[in-house]
Amino acid sequence: MTEPARRLRADRPSPAPSPDRGPVEAIRASFVTEESVYGVILVSGMIVVAGGHGDSSWSVFWTVTITVVVFWAAHVYAGTVAHHGMDEHRMVGLGEAFRISLRRSLGLLVSALIPSFILLLGATRAVPDQLAIWSALWAGVVVLAVLGFIAFRRRGASLLRQVMGSIATAGFGIAMILLKAFVH
């Protein structure tokens, strides 16, 4: 692909995953989205707030889980409302709008899985509470770095820009860790 074509392609939103692409491509297209990045930052923020009050990892886990589910449901609803009606000179029905929003919002849920699993390790006493909370925050940094790297790679950026994009995206997780350090 030529550089001008690559740049033009980068300006367009990622196409929705289609059933004929395969499960790996469908997951990648659903997971590497702004919703995923937002989800990781949301989870990290919830860990900072809930963990900043000295709560146990069990309490933090439930706070994160309930908050993510509520934000996800609100995001699906808002996306459904936004996509319903006229779109690119055609009518989008309510069912199709819901499916688009559901697929698009999947990253918000999936992005919470790794930090939540780590919090569960603390809740089950497999690891100490504070280790679970801090590890979940650092896992968020790693997930953000991977999301940033894949997003820049998908758009055909050079390796340097992929790494810089990864670092910039991970910076939001680092900001949450700094916030946790100052709150605690």
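Each residue takes its place number in the sequence, starting with 1. Quick caveat: nothing in here was measured; it's all calculated off a predicted structure.
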* Do Val37 and Met164 share a hydrophobic cluster, counting only Ile, Leu, Val, Met, Phe, Trp and Tyr and linking them when any side-chain heavy atoms are less than 4.5 Å apart? -> no
* Structure fact -> Residues pairing under salt bridge (Lys or Arg N to Asp or Glu O under 4.0 Å) where one sits in residues 120-139, two or more places apart or in two chains, turn out to be Arg125-Asp129
* Minimum heavy-atom distance Thr80-Ala97, with the two atoms named -> O-CB, 3.5 Å
* Asked: If Ile, Leu, Val, Met, Phe, Trp and Tyr residues are connected whenever their side-chain heavy atoms lie under 4.5 Å apart, and connections chain through other members, are Tyr38 and Ile100 in the same group?
  -> no
* Structure fact -> When every non-hydrogen atom of Leu144 is compared with those of Thr169, the smallest separation belongs to O-CG2, 3.2 Å
* Structure fact -> Residues at least two apart in sequence or cross-chain that pass side-chain hydrogen bond (donor to acceptor under 3.5 Å, both in side chains) with His75, listed by chain then number, are Ser105
* Would you call Leu137 and Val141 a side-chain contact if the rule is heavy atoms closer than 4.5 Å? -> no
Give every donor-acceptor pair under 3.5 Å between a side-chain atom in residues 109-116 and any protein atom, sequence neighbours left out.
from, atom 1, to, atom 2, distance (Å)
Ser111, OG, Gly107, O, 3.0
Ser111, OG, Leu108, O, 3.0
Ser116, OG, Ala112, O, 2.7

* **Sequence neighbours excluded, every pair satisfying salt bridge (Lys or Arg N to Asp or Glu O under 4.0 Å) that has a member inside residues 132-143** => none
* Structure fact -> For Gly79 and Ser101 the tightest heavy-atom approach is CA-OG, 3.3 Å
* Asked: Do Val48 and Val64 share a hydrophobic cluster, counting only Ile, Leu, Val, Met, Phe, Trp and Tyr and linking them when any side-chain heavy atoms are less than 4.5 Å apart?
  -> yes
* Side chain proximity check, Leu106 to Leu102, heavy atoms < 4.5 angstrom -> no
* To do: Answer yes when Glu34 and Arg104 have at least one side-chain N-carboxylate O distance shorter than 4.0 Å, and no when they do not.
  => yes
* To do: Could you state whether Val49 and Ile133 fall into the same hydrophobic cluster, counting links through intermediate Ile, Leu, Val, Met, Phe, Trp or Tyr residues with side-chain heavy atoms under 4.5 angstrom apart?
  => no
* I would like to know whether His84 and Leu94 meet side-chain contact (heavy atoms from CB on, under 4.5 Å); could you show each step before the answer? => CA-CA 6 Å; His84 182 244; Leu94 194 58; 3.8 Å; yes
* Parallel, tilted or perpendicular: which fits the ring planes of Trp58 and Phe61, with parallel below 30° and perpendicular above 60°? -> parallel
* Min side-chain heavy-atom separation Lys180-Ile47 under 4.5 Å -> no
* Co-members of Leu121 in a cluster of I, L, V, M, F, W and Y side chains, linked at under 4.5 Å -> Phe117, Val127, Leu131
* Identify the two heavy atoms, one from Gly140 and one from Ser44, that lie closest to each other, and give their separation to 0.1 Å. => CA-OG, 4.4 Å
* Structure fact -> Shortest non-hydrogen pair, Gly122 vs Ala132, comes out as CA-CB, 3.6 Å
* Gap separating the OG1 atom of Thr63 from the CE atom of Met46, nearest 0.5 angstrom -> 5.5 Å
* Asked: Which is it for Met176 and Leu178 under the side-chain contact (heavy atoms from CB on, under 4.5 Å) test, yes or no, and what are the steps along the way?
  -> CA-CA 5 Å; Met176 290 297 168; Leu178 291 173; over 6 Å; no
* Those residues that, when tested against Phe149, pass side chain to side chain contact (heavy atoms under 4.5 Å, CB included) (two or more places apart) -> Arg153, Leu159, Gln162, Val163, Ser166
* Asked: What do you reckon, are the aromatic ring centroids of Trp138 and Trp134 less than 6.0 Å apart?
  -> no
* Determine, using the 4.5 Å side-chain heavy-atom cutoff (strictly less than), whether Ile41 and Phe152 are members of one ILVMFWY cluster. => no
* Measuring from Glu35:CD to Phe71:CZ, what's the distance to the nearest 0.5 Å? -> 13.5 Å
